[in-house]
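What follows is a single structure, written as structure tokens, with notes after it.
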Amino acid sequence: MAYALGLIGGRWKPAILCRLSNKTMRYGELNRDIEGISERMLVAQLRELENDGIVERQVYPEVPPRVEYRLTALGETLRPVLASMSDWGNMHREQVAAHVQND
């Protein structure tokens, strides 16, 4: 579990992976879609995911350059994990929020 969380854990990687599990996205789309992430952090997280073989970066030789990101075959194997995490969060969101308010 520690190894998996090292690869996909943190504040931003799950958000990136969730969006890419639905479709291929351009950098600008990801930047607009993930509220609160800085451009620097998005670039860093995408590079890490790319270096780990989870995300693929496709650069098209156009002017202006078009760059798209998609899950690799390895990244696709994370779909059930991401879906389970999302389901758990949706199921327990209110309970956790109530607990936090009481502290």
Side-chain angles (χ1 to χ4, degrees):
M1 184 182 301
Y3 180 73
L5 287 174
L7 291 176
I8 65 166
R11 181 172 181 184
W12 302 112
K13 286 182 183 178
I16 293 167
L17 292 170
C18 238
R19 281 152 182 86
L20 293 179
S21 72
N22 294 321
K23 65 179 182 172
T24 297
M25 295 182 77
R26 294 176 71 168
Y27 173 84
E29 289 178 293
L30 284 166
N31 195 28
R32 281 189 301 275
D33 205 39
I34 302 172
E35 189 174 318
I37 193 169
S38 69
E39 288 191 33
R40 181 177 171 199
M41 182 57 70
L42 179 57
V43 168
Q45 298 294 277
L46 285 167
R47 281 189 186 141
E48 286 181 22
L49 290 166
E50 186 180 4
N51 289 338
D52 291 332
I54 297 170
V55 167
E56 176 183 51
R57 179 178 185 256
Q58 176 73 44
V59 181
Y60 295 91
E62 301 172 355
V63 177
R66 178 170 51 119
V67 179
E68 293 181 342
Y69 293 89
R70 69 178 57 86
L71 295 180
T72 62
L74 177 62
E76 292 285 343
T77 65
L78 289 167
R79 281 180 189 263
V81 174
L82 297 167
S84 292
M85 288 171 57
S86 179
D87 291 346
W88 187 91
N90 289 333
M91 204 167 22
H92 299 289
R93 176 177 291 148
E94 291 177 14
Q95 180 182 355
V96 172
H99 180 76
V100 169
Q101 284 181 342
N102 291 332
D103 282 349

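Worth saying up front: this structure is predicted, and the values here are computed from it rather than measured. Residue indices begin at 1 and follow the sequence shown.
Cluster membership check: Y69 does not share its hydrophobic cluster with Y60, using side-chain heavy-atom separations under 4.5 Å among Ile, Leu, Val, Met, Phe, Trp and Tyr.
Between L30 and L20, the closest side-chain pair of non-hydrogen atoms falls below 4.5 Å. The shortest side-chain heavy-atom distance between T77 and L71 does not fall under the 4.5 Å cut-off. You'll find the side chain of Y27 reaches within 4.5 Å of the side chain of L46, heavy atoms only.
Of the possible donor and acceptor atoms, none in the side chain of R26 sits under 3.5 Å from a partner among the backbone N and O of R66.
No more than 12 heavy atoms of other residues, nucleotides or ligands shown are found within 6.0 angstrom of CZ on R47.
Atom-to-atom distance recorded for N31:CG and S38:OG is 8.5 Å, nearest 0.5 angstrom. In this structure, the separation between CD1 on I34 and CD on Q45 is 9.5 Å, given to the nearest 0.5 Å. Here the straight-line distance linking atom CG of D52 with atom CG of L7 works out to 5.0 Å at 0.5 Å rounding.
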Residues 87-95, side-chain donor-acceptor partners within the protein, below 3.5 Å, at least two apart:
from, atom 1, to, atom 2, distance (Å)
N90, OD1, R93, NH2, 3.2
N90, ND2, S86, O, 3.3
H92, ND1, Q95, OE1, 3.3

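Shortest non-hydrogen contact noted between G10 and P14 is O-CD, 3.4 Å. Shown here for E29 and M25, the closest heavy-atom pair between the two residues is OE1-CA, 3.3 Å. A pairwise comparison of heavy atoms in T72 and V55 identifies CG2-C, 3.6 Å as the closest pair.
Residue pairs meeting the side chain to side chain donor-acceptor pair (under 3.5 Å) criterion with at least one partner in residues 3-17, sequence neighbours excluded, are K13-E48.
Other cluster members for L5: M1, joined by side-chain heavy-atom distances under 4.5 Å among Ile, Leu, Val, Met, Phe, Trp and Tyr.
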